[in-house]
Amino acid sequence: MTTDSAAARDMLIDAAFDVDALREKYRQERERRLRPEGIEQFVELTGDFSRYVDDPYADSDFIRPAISKEVDVLVAGGGFGGLSAAAQLRKNGWRDLTIVEKGGDFGGTWYWNRYPGAQCDIETYCYLPLLEETGYAPSLKYAFAPEILEHAQRIGKMFDLYKDALFQTEITGMRWLEDEGRWLCATSRGDAIKARFVVQTNGILDRPKLPGIPGIASFNGHTFHTSRWDYHYTGGSNEGGLDKLADKRVAVIGTGATAIQCIPHLARHAKHLYVVQRTPSCVDERRNAPTDFAWMSSLSAGWQAARRRNFVALTSGVPQPEDLVGDGWTEIARTVGGYLSADLDETSDESRAQVGELADFQKMNKIRARVEAIVDDAQTAEALKPWYRQFCKRPTFNDDYLDSFNRPNVTLIDTKGRGLDAVTEAGLQFDGQEYAVDCIIFATGFEVGTSFVRRMGFETIGRDGKALSDAWSQGLRSLHGVMVHEFPNLFHMGINQNAPSYCVTYHLDEQAEHIVAILGHARAAGARYVEPTQASEQSWVATIRAKSGATLAFQRECTPSYLNNEGKADGPLNEIYGGGSIEFSELIRDWREQGMPGLELR
């Protein structure tokens with residue numbers, strides 16, 4: 001450790017906290033939340049539970065004739081991933097494409113999540129893609145869901161994507177036709193679409209999950225998942241006003257990023273609200289503000305790309321001369337940079353990690369102090385304090401959530417990591433106490449660590465009848481996370497074996513650019529088939545393994561969450577490029593400039 005970083009470490013240690021005691025507290029809290037069944041503790045939404053994935057926003061009577069056609073590119077998914085891919089295709093001269101989307105419109109996550117208070121937790125100027133291209137100026141620093149959904153629709157209109165979209169349609173199977181050099185894609189509407197190339201963009205926040213609480217199917221009251229919010233039952237809108245809950249006792253199961261946003265609205269309107277918590281969230285200030293349109297109009301060309309890169313770099317631990325965003329996400333980076341000052345670039349990874357841990361302790365002490373300052377009841381405040389590193393769970397930001405627990409009609413049921421003992425016909429049961437409720441709202445997130453095929457909802461059959469699930473049965477394998485040997489002309493957008501960032505749209509745009517560049521390379525070469533060689537795939541898997549050490553070490557010490565596969569640290573979110581998003585972006589750009597070695601073109 002350098003002299004300056006050692007001094008920085010000493011300054012942090014002197015910041016009135018006991019490092020060893022905090023590490024032990026974090027370890028104890030993690031241990032009591034570990035469950036041997038891992039992700040199997042959640043219920044798959046099939047059979048009687050399938051109603052939780054029904055679309056409450058689309059026309060249930062919608063019908064159309066089956067389609068049989070051939071296209072150059074099929075894009076599976078109409079969220080920001082699919083929109084980024086389709087927009088990039090359009091910009092590069094690809095006109096003949098089809099988008100298949102199970103929702104009734106574009107938007108993906110923002111089509112489904114319309115719960116009260118739903119809001120972007122990343123600065124809108126970074127999160128919303130294609131702001132410069134569309135000429136759109138967001139209304140707020142952190143936009144709410146309706147505005148984000150509207151922007152997805154704006155992209156669809158600008159790039160003339162609606163005419164090529166099949167909404168309320170799900171892919172049910174994909175098979176490679178070797179003789180034809182095309183993928184045959186079957187859908188829930190009876191379609192048979194043959195595509196030269198397929199881009200799968202189905203996302204990770206797509207399929208809701210429920211907790212496997214005993215008796216969960218026995219409840220006689222009303223239930224729904226936050227991603228299918230039932231405004232017919234609650235009244236109101238994304239802005240609140242849930243007036244139909246005035247005589248209702250409501251329970252929310254979950255205290256993650258979604259619950260943080262909807263609970264203040266439920267607390268204002270429900271007769272009584274029970275909040276069921278396993279692990280408290282890290283809740284920082286939101287401090288939202290209207291957009292300064294004069295500032296936006298003064299920005300020079302390329303401002304969004306520079307701002308996004310700056311944010312992603314800081315949240316990936318890459319030093320920057322300034323913090324363009326300046327919010328809770330980048331505070332730790334600012335703290336570390338302030339302590340290490342100009343010597344940050346010279347500091348070793350090990351010493352930077354040590355100072356980073358201490359800056360994290362300092363930040364989380366501030367988070368816990370904020371809980372204590374806001375929540376009146378001491379026992380409730382203690383239960384709401386998070387005891388883990390800030391990025392062990394996705395940080396949250398809200399100025400009203402903690403105040404909700406000062407209301408007389410709000411009760412926190414802190415299960416101390418265990419979860420409820422049971423759901424009964426009349427309500428909830430924990431530690432021998434019954435809580436009668438009229439409605440249970442599941443704010444329990446989405447499937448992340450489950451198998452790719454289960455989350456996709458269909459099997460992909462490649463060359464010689466090989467199933468993708470079989471190809472990945474012994475572990476993920478790919479080139480850059482976007483292509484798989486023996487599955488020609490097939491591209492993936494997501495988190496597997498690349499470097500996702502907290503600003504997911506930055507990551508998706510980088511992937512879209514990469515995929516369309518490969519398609520352009522194949523088109524220029526007159527190739528019917530493009531896929532990675534087995535050697536290039538094996539080399540990339542080795543790179544992922546070699547780079548995963550620091551990420552895995554961090555996640556193994558984290559409290560259980562979807563980020564570490566419920567404590568097992570072996571899921572897809574840990575099959576990522578450990579060098580970070582900025583390094584990964586530079587790597588794939590260099591690879592393209594080198595002529596894309598390791599691709600097989602035929």
Side-chain angles (χ1 to χ4, degrees), residues 43 45-63 101-119 144-150 152-153 167-168 170 205-211 216-254 256-276 400 404 409-410 423-428 435-446:
V43 174
L45 299 185
T46 58
D48 292 341
F49 294 109
S50 61
R51 62 187 175 86
Y52 288 98
V53 296
D54 291 343
D55 187 346
Y57 313 119
D59 177 7
S60 59
D61 296 324
F62 171 75
I63 58 172
E101 165 57 42
K102 72 177 180 180
D105 203 338
F106 293 124
T109 293
W110 301 101
Y111 175 84
W112 298 110
N113 287 277
R114 308 187 189 194
Y115 55 85
Q119 181 183 28
F144 286 90
E147 185 173 2
I148 302 173
L149 177 59
E150 185 180 86
Q153 296 163 342
F167 295 119
Q168 292 184 252
E170 296 184 62
L205 301 180
D206 172 64
R207 189 169 181 81
K209 67 184 181 186
L210 298 180
I216 192 172
S218 66
F219 180 61
N220 285 333
H222 194 70
T223 65
F224 57 89
H225 192 276
T226 49
S227 66
R228 307 293 192 272
W229 194 272
D230 188 350
Y231 282 110
H232 293 295
Y233 183 84
T234 66
S237 67
N238 174 262
E239 297 179 358
L242 312 180
D243 57 291
K244 292 184 179 180
L245 298 180
D247 62 345
K248 300 292 191 299
R249 298 160 299 176
V250 179
V252 174
I253 298 180
T258 292
I260 298 302
Q261 295 179 336
C262 69
I263 280 172
H265 295 281
L266 292 165
R268 291 187 193 107
H269 294 283
K271 177 182 179 181
H272 200 94
L273 177 66
Y274 295 98
V275 178
V276 180
D400 303 310
S404 299
N409 67 319
V410 177
V423 173
T424 66
E425 292 182 358
L428 317 176
Y435 301 89
V437 297
D438 302 295
C439 175
I440 299 176
I441 301 172
F442 294 102
T444 45
F446 303 86

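- Minimum heavy-atom separation, V437 to A251: CG1-CB, 4.1 Å.
- P264 approaches A259 most closely through the heavy-atom pair CD-O, 4.4 Å.
- For the pair R114 and Y57, the cation-pi criterion (under 6.0 Å, within 45° of the ring axis) is fulfilled.
- Side-chain polar atoms of D55 and Q168 form no donor-acceptor pair below 3.5 angstrom.
- Formation of a donor-acceptor pair under 3.5 Å by the K244 side chain with backbone atoms of H232 is found in this model.
- Remark: the backbone N or O of A270 is paired with a side-chain donor or acceptor of N409 at under 3.5 angstrom.
- When all heavy atoms are compared, the tightest approach of G104 to A58 is CA-CB, 4.2 Å.
- Remark: aromatic rings of F167 and F106 are close, center separation under 6.0 Å.
- For the pair Q261 and Q119, the minimum side-chain heavy-atom distance is below 4.5 Å.
- The shortest distance between side-chain heavy atoms of T444 and I253 falls below 4.5 Å.
- Two residues are said to be in side-chain contact when any heavy atoms from C-beta on lie closer than 4.5 Å; W112 and K102 meet this criterion.
- Once rounded to the nearest 0.5 Å, the distance linking OG of S404 with CG of L266 reads 9.0 Å.
- Looking at F442 and V276, their side chains never come closer than 4.5 Å, going by heavy atoms from C-beta outward.
- Classification of the W229-Y115 ring pair by plane angle, with boundaries at 30° and 60°, yields tilted.
- Considering only heavy atoms from C-beta on, L242 comes within 4.5 Å of Y231 through its side chain.
- Here the shortest heavy-atom pairing between Y52 and H225 reads CD2-N, 3.9 Å.
- Scanning both residues, A267 and V410, for their nearest heavy atoms gives CB-CG2, 3.6 Å.
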Between H222 and Y233, does the ring-ring contact (aromatic ring centres under 6.0 Å, His included) criterion hold? Intermediate values first, please.
CA-CA 9 Å; H222 194 70; Y233 183 84; 4.2 Å; yes
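- Note: T226 OG1 to I263 CD1 = 10.5 Å, rounded to the nearest 0.5 Å.
- For F144 against N238, the heavy-atom pair with the smallest separation is CB-OD1, 3.7 Å.
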Decide salt bridge (charged side-chain N to carboxylate O under 4.0 Å, His left out) for R249 and D438; before the verdict, give the C-alpha distance in whole Å, the side-chain angles of both, and the deciding distance to 0.1 Å.
CA-CA 5 Å; R249 298 160 299 176; D438 302 295; 3.1 Å; yes
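- In this structure a side-chain-to-backbone donor-acceptor pair under 3.5 Å is missing from T223 to F219.
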